[in-house]
Amino acid sequence: MNAVTFQNVSKRFKGAGRSALENVSFTVEEGEFVTVLGPSGCGKTTLLKLINRLYEPDSGQILLFGEDTQGVDLVKVRRGIGYVIQQIGLFPHWTVAENVATVPKLLKWDRDRIRARTDELLRLVGLEPEEYKNRYPSQLSGGQQQRVGLARALAVDPKIMLMDEPFGALDSITRGKLQQELLALHRETGKTFLFVTHDIEEAFLLGGRVLILDGGKIAQFDTPEAIIRRPAEGFVRSLVESAREKGRFWEAYL
Amino acid sequence: MIDYLVRYYDRLLAALLEHLEIVLLAMLFSVVLAALLTLLCQFSERLSKLLVHLLSVVYSVPSLAMLALMIPLTGLGTVTAVIVLVIYNQYLLLRNILAGLDGVDRGVTEAAMGMGMTRLQLLWQIKLPLAKKAVVAGLRIALVSTVSIATIAASINAGGLGAILFDGLRTMNTAKILWGSLLSAALALGADRLLALAERKSA
């Protein structure tokens with residue numbers, strides 16, 4: 001089954017010279033880990049936000065597990081999607097446990113169920129509940145905050161996770177660790193992941209397939225191996241070249 | 001001056017209570033109306049900008065003129081005074097509340113929306129608690145301004161401390177002028193301190 005289907009989707013923001021997305025079509029199968037790669041302004045965040053309807057498309061159709069997102073209640077669509085952003089967006093006046101319980105509370109789960117689920121989620125993202133659940137976000141490191149953000153997004157076991165440069169503000173060691181844990185999480189849960197990044201290594205490491213956007217259009221959408229072997233002319237080729245260049249820089253010091 | 005206080009303390013007390021009554025009534029209605037307008041503003045950015053602009057224009061009308069303008073509509077007396085005070089307060093309250101709500105971190109509001117909070121849940125559970133400081137600041141300004149404008153309301157027979165003050169001016173009675181102005185200043189300062197205390201306690 002297809003988790004996400006875009007059919008000729010276009011989006012132009014008011015006052016912008018060109019479209020953020022232009023006639024974009026693709027499908028993501030259920031259980032896939034797809035990374036969306038491209039420079040700033042290529043439309044990758046727009047693409048993600050069209051799925052949970054933080055933005056509305058000008059034209060075209062977006063299906064989520066076979067259902068047109070336009071036809072379903074907005075709030076219901078969003079509660080069924082795990083959403084993680086670079087700014088993390090933890091609620092500073094709520095404790096870690098309260099943050100993680102956001103959507104369960106919106107769905108009016110009973111207290112015992114919420115408590116059990118919160119503990120379970122914190123353990124899943126590598127935070128000992130007894131130590132962390134009563135802390136406030138400001139008392140956590142950046143990496144810990146994003147772990148909480150991830151736990152919060154996973155709370156009601158959504159079938160699909162949308163992640164917008166979630167590790168963009170983290171140091172490279174924390175980042176590498178969280179990348180590995182995310183891959184493990186994907187293997188264990190079989191959820192569908194759409195992960196936006198501008199970092200080519202991250203995109204190729206995490207993605208089963210990589211969707212490369214340039215100027216609001218799909219430049220290439222394939223497995224990392226296929227893209228590296230046969231990069232599309234132009235933008236993708238120069239992107240892969242720049243990554244190779246970087247590799248040579250490090251090799252010089254071996 | 002002390003003499004006047006000893007002889008007419010009952011009159012002063014009555015005026016003070018009258019003043020307090022006008023202020024409290026005005027604040028009560030102001031907060032209720034501002035809350036409703038804030039809710040309304042959640043649904044349209046355009047509307048909220050227009051409203052604040054409109055209120056700022058109204059706010060720039062001098063209070064004496066505003067009181068006089070309202071007389072043909074609602075007559076002399078307390079009711080008119082309270083209406084005018086409520087109108088003035090809308091600008092002070094709404095501008096502060098909306099600026100506070102708007103100042104909440106974008107990442108926080110985006111995460112809340114993305115997780116499927118409704119507009120009202122976002123307002124009530126996230127934005128308002130995080131904008132508490134600005135809301136209380138608005139309340140303090142509105143309260144102080146209400147106490148002082150209520151003094152002027154005596155000019156349309158609304159009573160209160162302003163009545164003593166205007167009486168004193170008419171008859172050149174220094175004691176009356178001083179008690180009228182001192183008490184209203186003290187009331188404003190006291191009310192402000194009280195809210196400041198509440199603000200610190202809740203922080």
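Order of the sequence lines fixes the chain letters, A, B, ..., with proteins taken first and strands second; residue numbering starts at 1 for each chain.
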B/V108 vs A/Q87, side chain to side chain contact (heavy atoms under 4.5 Å, CB included): CA-CA, chis, key distance, verdict: CA-CA 8 Å; B/V108 167; A/Q87 308 91 305; over 6 Å; no
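- Going from atom CG of A/L106 over to atom OG1 of B/T118 covers 8.0 Å, rounded to the nearest 0.5 Å.
- B/F29 CZ: 12 or fewer foreign heavy atoms inside a 6.0 Å radius.
- With a 4.5 angstrom heavy-atom cutoff, B/I126 touches chain A via backbone and side-chain atoms both.
- More than 12 heavy atoms of other residues, nucleotides or ligands shown are found within 6.0 angstrom of CG on B/L73.
- At a heavy-atom cut-off of under 4.5 Å, chain B is reached by A/R152 from residues 139-166 of chain A, listed in order of number.
- Among all heavy-atom pairs drawn from A/Y83 and B/G114, the shortest one is CD2-CA, 3.7 Å.
- No part of A/L74 comes within reach of chain B, as not one of its non-hydrogen atoms sits under 4.5 angstrom from that chain.
- Heavy atoms of other residues, nucleotides or ligands lying less than 6.0 angstrom from CD of B/E45 number 12 at most.
- For A/F13, the CZ atom is densely surrounded, since the number of other residues' heavy atoms within 6.0 Å is greater than 12.
- Heavy atoms only, all atoms of each residue included: A/V75 and B/G116 are closest at CG1-O, 3.3 Å.
- One distance of note links CE of B/M115 with CG of A/N52; it measures 11.0 Å at 0.5 Å rounding.
- Remark: B/M113 CE to A/K49 NZ distance equals 9.5 Å, nearest 0.5 Å.
- Only the side chain of B/Q121 comes within contact range of chain A, with heavy atoms under 4.5 Å apart.
- Nearest heavy atoms, A/G89 versus B/A111: O-CB, 3.6 Å.
- Side-chain contact check for B/Q125 versus A/T102: every heavy-atom pair is 4.5 Å or farther apart.
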